[in-house]
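Computation of the quantities below employed the complete heavy-atom set of this structure, encompassing side-chain atoms and omitting hydrogens, waters and symmetry-equivalent molecules. Chain naming here is simple, since letters A, B, ... match the order of the sequence lines and numbering starts at 1 in each.
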Amino acid sequence: MKKFLFFSRLFIWFSLRDMRKHMGRAATVLFGIALGAAVFTSVRLSVNASLDSFTKSMDLIAGRADHVLTRPGGYVPEYLIARLLDHPMIRNASPVLTTYTRVSQDGSEPFLLIGFDPILDRPLRNWRINDKSGQSPVVWLDLLKEPFTLILGEPLARQLNRAPGDSLYLEHAHQKTRFKILGMLERSGLSLAEGGRIALTDIATFQEFTGLFGKVDRIDLQLKPLATARDRADIQRLLPESIQLNPPTAKRESGQMMIRAYQLNLSILSFASLFVGMFLVYSLVALNAASRRHELAILRATGASAYHVFFIFLAEGAFLGITGWLVAIPLGNFLIKYLLHGVSQTISTLFVRVQVDTLSLSVSEIAFGFAVTVGISILAAYQPAREAMQVAPKEALEISQLGMRPRKSPGQLAIWGLICILLVLPLSRLPAVLDMPLPGYLAILLLFVGFSLLAPWALQRISHSSSAVLLKRAGIPAYLASRYVRDSGTRTAVSVGALITAVALFTALVIMIYSFRQTVTYWTYETIKGDLFLTSKMGEINRFRYPIPQQVIDDLQDYRSEIDILPNRRFFLNYGKFPYEFELMDMQGFMQYASFFWLKGNPKAIRPMLKRGEGVIVSEVFSNRTGLTVGDVFKAQIEESYLELPIIGIVRDYRTQGGVVFYSMPHFNAQYHQTYWGGLRFFFKDRSQDLDLAVAKLRNDIIDRMGDKVDMYSGKGLRGAVLKIFDETFAVTTVLLLIALVIAALGIATTLTVLVLERSRQLNTLFAVGASFRQIRSMIFWEAGFMVVIGELAGVVCGFVLSCLLVFVINRQSFGWTFLYGVNWGALGASIPLIILTALAAALPAVKMVFRKPPATLLRER
Amino acid sequence: MKPESSRSVISAKGLTRVYKLGDSEVIGISQVDLEIAAGELVVLKGNSGSGKSTLLSLLAGLDRPTRGDLTVANHDLNDTSDADLTHFRRQVVGMIFQSFNLLPTLNVLENICLPALLAGKSVAESRPKAMALLEWLGLDARLNHLPAQLSGGEMQRTAIARALINDPAIILADEPTGNLDSRNGQIVIDLLAELNRKWDRTVFIATHSTLADDRASVKIGLKDGMLTSLP
Ligand SMILES: Nc1ncnc2c1ncn2[C@@H]1O[C@H](COP(=O)(O)OP(=O)(O)O)[C@@H](O)[C@H]1O
Ligand SMILES: [Mg+2]
């Protein structure tokens with residue numbers, strides 16, 4: 001305790017007072033690290049909020065069921081209930097149907113309608129009616145007795161401005177029906193799912209409303225506690241073969257897996273800001289250790305041990321980390337407002353629907369943010385602290401300062417750097433660990449470290465070899481600058497390292513986003529072809545599960561002369577834990593107007609095979625995730641049929657909810673079973689007309705004839721929407737990227753200022769021997785120029801390598817896809833000079849600082 | 001501290017310090033033999049570059065000899081651990097430098113107390129002693145000033161107080177008057193002489209000035225790293 005008190009005092013006396021003296025520097029570094037910490041924690045908290053809300057919804061909806069019966073891509077026959085309830089090992093069984101529906105009024109948001117049997121469901125789920133009069137048993141009975149009645153979640157009722165006794169019109173694929181509200185759910189249990197935007201109705205009403213007579217989505221089961229695997233097999237035998245008996249967690253787990261992968265990616269990206277902040281801490285602590293070398297020697301000479309010195313500097317790092325983290329709290333508070341929305345939006349469009357209602361401030365997440373921030377700050381301080389520890393007490397004496405060269409030569413560092421860079425390739429070849437691209441991230445870290453270690457050597461070589469030329473061409477200031485940079489050793493190299501990291505990140509992400517966007521754009525134009533798309537009402541949010549009304553199909557026949565109508569059907573399935581879509585389509589018609597984005601296999605050979613239904617093609621994501629490739633056999637249970645089809649090709653596909661498998665619809669109908677049409681796409685036969693106009697006309701025509709029974713999207717609108725989602729997704733990324741750049745610019749400004757301050761004596765000597773203000777100013781700009789240009793060049797090189805890692809390793813391992821590699825020369829070309837200018841502008845405060853004190857007084861100072 | 005038992009407080013035999021500079025070697029001091037009894041006031045004279053600071057750094061435990069034996073106040077300095085050397089610097093010797101070497105972020109009182117705190121004493125314990133020293137040195141009005149606010153003479157007196165806070169047996173001063181005018185230089189030398197006379201400390205002054213000549217009880221000379229007899 002006494003020791004600790006003493007050490008705190010020493011730290012305050014020696015370090016804090018010095019930091020206070022150089023407030024600007026310390027504040028800049030604090031701000032940098034705080035920004036990094038704020039981004040890191042608020043990103044993680046935002047994704048956690050989505051993850052929590054998703055998990056909670058899934059758990060609440062699953063209730064106490066321990067098994068669930070489903071038929072992949074289809075429905076479970078309702079009559080199975082009776083059979084199941086007879087089984088001795090089944091304690092409870094409850095049929096469930098869900099769909100999204102909405103109130104029939106403009107702009108109303110869809111909500112989840114659940115159809116169930118209140119009596120059978122009672123033991124499985126918690127739902128209670130919010131009433132004080134003790135009437136709730138009656139209300140439940142009324143729900144059973146009275147058709148088209150509802151019980152609403154309280155938040156939904158509030159948003160709709162409805163109370164028990166009121167009625168409302170609900171819309172669904174085929175209907176618009178009047179419902180009466182019987183009551184409201186208490187805010188507990190099931191009513192917390194989907195942020196409370198749910199409504200309950202009796203199963204018979206639900207079936208009538210949606211047209212699903214005799215069918216349910218699933219049957220939730222609770223087995224007797226002693227049920228064994230044998231009993232489960234016994235139950236399975238009661239069921240038709242196409243029905244699967246699974247634990248209810250499968251769907252939740254696949255959703256969580258996707259969100260976690262996304263969280264890891266965002267965490268790493270936001271960690272980049274912290275990583276750049278780490279350079280800032282390093283440069284400040286290293287500067288303190290170097291510029292206060294003499295003071296350290298005095299401290300040692302008066303009796304401080306080497307460990308005192310070591311811990312003083314570690315404590316400086318810890319102090320910066322802790323204070324930075326504290327400053328991060330208000331910053332994060334501000335950031336999270338933006339991120340929470342952006343992130344849940346992204347997750348909803350990319351992976352699974354989430355409704356974020358609350359931000360849960362988990363203690364462990366905040367502690368994690370604290371530990372990471374303080375941890376990297378201490379880590380950043382470690383090396384300077386080690387060096388400070390080596391300062392000999394003897395240096396306090398007036399002994400000639402000759403024998404004090406820096407310990408590690410730039411050449412040695414460069415060799416380590418090279419080793420790091422060489423390790424990148426083998427690491428990037430390693431498979432993902434636990435579904436996360438950890439070796440890939442390690443490779444990225446090594447890449448950054450490697451380039452940063454190369455920086456001192458590169459600086460030395462380049463300034464060395466250019467100094468003679470500079471003297472001749474650019475005059476004495478440039479020459480002096482090059483000599484200074486050459487001899488300044490690791491000091492300048494640190495901020496160059498920070499710049500390299502930021503520029504590399506920038507370059508790589510610009511390339512990646514551009515490649516991604518180009519590829520997706522190409523994909524949308526090739527694959528999402530079609531002049532108009534049509535589904536049943538709310539088809540998309542209900543995953544195309546409801547057939548297009550026959551009436552509509554009949555009416556559309558009148559247009560056959562002008563347009564080709566291509567039907568499709570999409571099934572949402574799982575391959576093991578991995579979710580994918582099985583899409584049936586009219587291959588013949590499709591390939592007449594559009595094509596696939598081929599990745600593997602010979603298109604010329606595949607196309608006719610596809611049209612003849614001789615196999616399936618799968619998306620790259622599906623192939624990477626399942627390990628299946630051309631020549632393997634795709635096996636799946638789809639509704640009542642079991643498929644085994646050869647995989648004949650792999651195509652690129654960028655839909656976000658997993659992979660896709662394509663097969664010919666007529667052949668499926670012929671070989672397996674008849675399926676209905678889930679969606680349609682229209683192509684005008686006459687491609688020479690004004691298509692936009694024709695689409696608008698057709699659309700209006702259909703609305704006139706069929707009312708609002710269907711949802712329609714123009715092909716143009718759909719493609720635009722895909723790209724809009726893309727851009728929104730990367731909005732979060734761009735913000736994180738800009739923050740990293742800001743932090744790097746702070747680094748350059750600090751370093752230059754410090755370099756100037758440190759040399760004020762030397763600069764004034766130059767002045768005294770006849771250098772003009774202009775010459776000295778120009779010398780400092782040249783120094784800045786050296787650092788910035790070298791940082792930029794190395795950063796761009798590093799960025800290109802990094803972009804390959806991102807496109808071909810990280811994306812492949814975390815999302816399953818790769819892109820056509822493309823470089824946005826325009827954006828890079830414009831941004832590079834911009835970054836150089838910004839970094840040079842960062843030299844301005846340093847230049848201002850040069851002659852803050854009259855030269856003569858400086859010469860006399862020690 | 002252990003009481004002085006043997007008669008000589010500093011004993012060196014064949015003491016040598018060679019600096020390596022790349023491939024070449026520079027001799028700091030070479031084959032120095034020295035016996036100094038407790039309570040002497042030693043003045044070490046020599047030109048710039050003759051090895052005075054080198055010898056002092058060895059005596060103060062700031063550096064280690066290349067060859068030779070060195071015992072200071074019963075501490076064998078030939079093969080001591082780093083920890084022992086730190087302890088030695090804290091407790092056995094007090095050091096005074098040409099450029100004062102006060103820590104710029106600590107005020108006068110804090111600078112003086114620092115070695116006591118490093119040795120594990122509390123502020124409350126070390127403060128009375130520091131105040132007494134300040135009074136003796138005529139600095140009592142200055143205790144809350146930072147070094148930058150002091151004159152050269154005041155800075156050096158602060159440094160003397162710092163050297164004395166842990167009651168060392170030996171005071172080592174390397175060119176203590178080098179950065180002072182002659183009046184302040186004389187004050188510092190007088191103080192060191194007083195220390196030697198009244199408080200019975202061994203004082204070892206390295207200097208090339210003549211200010212301390214008439215106070216010396218022992219005079220030694222260094223030339224090119226070797227002892228010389230003085231005129
Ligand atoms: N760290 C060092 N590296 C190399 N040579 C040194 C070092 N310290 C001192 N010397 C050399 O040792 C010799 C003695 O120096 P020093 O002890 O400082 O002399 P003085 O204090 O008498 O001026 C000089 O030639 C000096 O250059
Ligand atoms: Mg000297």
Side-chain angles (χ1 to χ4, degrees), chain A residues 1-23 288 291-312 316 389-405 409 853 857 860-862, chain B residues 19-22 26 28 48-49 51-54 56-58 60-64 82-83 85-95 97-107 110-111 113-123 146 148 159 162-163 165-166 172 174-175 178-179 206:
Chain A
M1 191 60 208
K2 200 169 152 192
K3 270 202 165 138
F4 177 75
L5 272 179
F6 160 67
F7 184 77
S8 321
R9 177 170 284 129
L10 189 62
F11 177 69
I12 294 170
W13 283 1
F14 190 81
S15 284
L16 281 196
R17 285 188 190 167
D18 186 67
M19 279 195 207
R20 203 175 53 193
K21 222 159 77 188
H22 310 289
M23 201 69 139
N288 285 345
S291 65
R292 308 183 72 198
R293 203 178 166 92
H294 188 71
E295 285 172 59
L296 289 176
I298 300 170
L299 204 57
R300 294 277 279 117
T302 48
S305 70
Y307 283 97
H308 279 131
V309 171
F310 176 70
F311 283 114
I312 283 180
E316 275 193 12
M389 202 177 157
Q390 319 278 311
V391 171
K394 185 180 60 164
E395 286 178 28
L397 285 173
E398 268 59 46
I399 293 189
S400 70
Q401 306 271 306
L402 275 166
M404 309 187 337
R405 278 276 83 201
S409 75
K853 290 185 193 169
T857 60
R860 243 178 283 122
E861 265 176 28
R862 219 211 95 80
Chain B
Y19 298 105
K20 281 221 156 52
L21 270 183
V26 180
S48 177
K52 302 185 296 297
S53 295
T54 303
L56 238 60
S57 71
L58 295 176
L62 298 173
D63 195 11
R64 292 165 193 275
D82 275 342
L85 266 188
T86 300
H87 174 81
F88 175 83
R89 283 198 300 274
R90 239 180 237 165
Q91 306 278 17
V92 184
V93 292
M95 188 83 198
F97 307 89
Q98 175 175 357
S99 54
F100 326 130
N101 280 352
L102 299 176
L103 289 173
T105 55
L106 273 56
N107 66 27
E110 290 162 353
N111 261 298
C113 289
L114 181 65
L117 301 183
L118 285 166
K121 294 207 186 83
S122 71
V123 176
L146 289 176
R162 179 178 65 185
I165 190 78
N166 281 340
L172 300 164
D174 186 18
E175 309 266 17
N179 281 8

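Residue A:Arg17 comes nearest to B:Leu106 through the heavy atom pair NH1-CA, 3.6 Å, listed as atom of the first residue, atom of the second, then distance. Residues B:Pro115 and A:Thr302 approach most closely at CB-O, 3.7 Å, considering heavy atoms. Nearest approach of B:Arg90 to A:Gly303, heavy atoms of both residues: NE-O, 2.6 Å. Closest of all the heavy-atom pairs between B:Asn101 and A:His294 is OD1-NE2, 2.6 Å.
The residue among B:Leu118, B:Leu103, B:Leu102 with the most heavy atom pairs within less than 4.5 Å of chain A is B:Leu118.
Between A:Leu16 and B:Thr105, every side-chain heavy-atom pair lies at or beyond the 4.5 Å cut-off. Side-chain contact between A:Lys21 and B:Pro104 is present, with heavy atoms from C-beta onward closer than 4.5 Å. Side-chain contact check for B:Leu117 versus A:Trp13: some heavy-atom pair is nearer than 4.5 Å. B:Val123 places a side-chain heavy atom less than 4.5 Å from the side chain of A:Arg9.
Using a 4.5 Å cut-off between heavy atoms, B:Leu85 does not touch chain A at all. Both the backbone and the side chain of A:Ala301 come within less than 4.5 Å of a heavy atom in chain B. Interface remark: A:Phe14 contributes backbone and side-chain atoms alike to the contact with chain B (heavy atom separation under 4.5 Å). Of the atoms belonging to A:Leu299, heavy atoms from both backbone and side chain fall under 4.5 Å from chain B.
Going from atom CG of B:Leu56 over to atom NZ of A:Lys394 covers 13.0 Å, rounded to the nearest 0.5 Å.
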